[in-house]
Amino acid sequence: MALDQWYDQAIVTETYIEGMAQHKENLQKVYNKFQIPEDNDFFRRLEARSLRVIAITEDWCGDAMMNIPILLHLAEKSHMQVRMILRDSNLELMDQYLTNGRSRSIPIFIFIDENGQEVTHWGPRAEAVQNEVDQLMDSLPDKDSPEYDAAFKEAIKTLTARFVTEEKFWQETYESIKEKLEKNI
């Protein structure tokens, strides 16, 4: 299916957020606290491209909870329309954007032009955020260890708390998305 068709069948942001069963409050906290930089020249150049965004997401995903509000601020500043498509019920699209060729990691933001052609895509994390996640996950016991499950759950709680509160993560995410777009607009 063409990206235009995926975009047309995706849901508008408001409907996605209203229907969230998990992370809704945290997503709204990040949205309300994130201060997008004054990159007016970048916003104007981005707006001139008339891009639209397909965000592959799920409401249970902590990365999506943090990254979507940043995308929404960027979209507002540059007048991009954003639509959400759920990963788990759209694997045909998701499988075209696997992380490292094997992982269905989300969110994935697909930026398309007015002709429905992909300009670029971004996701699931900024490199600096990935490094922090890797550092935390590397400290976990081996997966075979009886302590692994509890340690993993605690690590996810820690990451979620950091994703909701650490402005450094938000700025790194914004800069990562901006850098990807700058190379392609």
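Residues: numbered from 1 along the sequence shown.
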Practice task
Check the pair R45, R49 against side-chain contact (heavy atoms from CB on, under 4.5 Å), reporting the backbone distance first and the verdict last.
Solution key: CA-CA 7 Å; R45 285 184 288 116; R49 286 297 311 271; over 6 Å; no

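- For the atom pair D88 CG and I56 CD1, the distance stands at 11.5 Å (nearest 0.5 Å).
- The hydrophobic cluster containing I68 also contains V164, counting ILVMFWY residues as joined when their side-chain heavy atoms lie under 4.5 angstrom apart, directly or transitively.
- V82 and Y31 fall within a single hydrophobic cluster, where Ile, Leu, Val, Met, Phe, Trp and Tyr are joined by side-chain heavy atoms under 4.5 Å apart, directly or via other members.
- Residues L27 and Y174 share a hydrophobic cluster, clusters being chains of Ile/Leu/Val/Met/Phe/Trp/Tyr side chains in contact below 4.5 Å.
- The 12-atom threshold is not exceeded at CD of E167, counting heavy atoms of other residues, nucleotides or ligands nearer than 6.0 Å.
- Residues A55 and L71 share a closest heavy-atom pair of CB-CD2, 4.4 Å.
- A pairwise comparison of heavy atoms in P141 and A151 identifies CD-CB, 3.6 Å as the closest pair.
- Each of I17 and V12 belongs to its own hydrophobic cluster when Ile, Leu, Val, Met, Phe, Trp and Tyr are linked at side-chain heavy-atom distances under 4.5 angstrom.
- The shortest distance between side-chain heavy atoms of K183 and E179 falls below 4.5 Å.
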Practice task
Could you walk me through whether W122 and L181 pass side-chain contact (heavy atoms from CB on, under 4.5 Å), step by step?
Solution key: CA-CA 9 Å; W122 180 92; L181 285 165; over 6 Å; no

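- Scanning all heavy atoms of the two residues, the minimum distance from L51 to I185 falls at CD1-CG2, 4.2 Å.
- Using a 3.5 Å distance cut-off with no hydrogens or angles, the side chains of N131 and E127 do not pair a donor with an acceptor.
- Here OG of S176 is found 8.5 Å from CG of N67. Values are rounded to the nearest 0.5 Å.
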Exercise for the section: Mind running side-chain contact (heavy atoms from CB on, under 4.5 Å) on I54 and L93 for me, showing each step along the way? Expected result: CA-CA 10 Å; I54 303 166; L93 178 62; 4.3 Å; yes

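- Clustering ILVMFWY residues whenever any of their side-chain heavy atoms sit less than 4.5 angstrom apart, transitively, puts V133 in the very cluster that holds F169.
- Residue pairs satisfying the ring pair (Phe, Tyr, Trp, His ring centres under 6.0 Å) criterion with at least one member in residues 33-55, sequence neighbours excluded, are listed as follows: F34-H73.
- Annotation for T57 and A64: closest pair OG1-CB, 3.2 Å, computed over non-hydrogen atoms.
- The shortest side-chain heavy-atom distance between E172 and E175 does not fall under the 4.5 Å cut-off.
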Exercise for the section: Apply the test side-chain contact (heavy atoms from CB on, under 4.5 Å) to residues T160 and M65: give CA-CA distance (whole Å), side-chain angles for both, the deciding distance (0.1 Å), then the verdict. Expected result: CA-CA 9 Å; T160 300; M65 172 265 302; 4.0 Å; yes

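- Atom CD of Q81 sits in a sparse spot, with 12 or fewer heavy atoms from other residues, nucleotides or ligands closer than 6.0 Å.
- The NZ atom of K180 sits 9.5 Å away from the CZ atom of F111 when rounded to the nearest 0.5 Å.
- What you find for I85 and A10 is that their closest heavy atoms are CB-CB, 4.1 Å.
- The line from CG of D39 to CG of L46 is 10.5 Å long, rounded to the nearest 0.5 Å.
- Checking side-chain atoms of N115 against main-chain N and O of Q117 turns up no donor-acceptor pair under 3.5 Å.
- In this structure, M137 and L159 have side chains that are in contact, with non-hydrogen atoms separated by less than 4.5 Å.
- Checked against side chain to side chain contact (heavy atoms under 4.5 Å, CB included), R104 has the following partners two or more places apart in sequence or in another chain: R87, L91, M94, D95, L98.
- Taking both residues in full, the closest heavy atoms of G62 and F163 are given as O-CD1, 3.5 Å, listed atom of the first, atom of the second, then distance.
- The CD atom of Q28 sits 7.5 Å away from the CD atom of E25 when rounded to the nearest 0.5 Å.
- Side chains of I106 and Y97 form no contact here, defined as non-hydrogen atoms less than 4.5 Å apart.
- Residue pairs satisfying the ring pair (Phe, Tyr, Trp, His ring centres under 6.0 Å) criterion with at least one member in residues 127-148, sequence neighbours excluded, are listed as follows: Y148-F152.
- The distance from the CH2 atom of W6 to the CD atom of Q96 is 7.5 Å, given to the nearest 0.5 Å.
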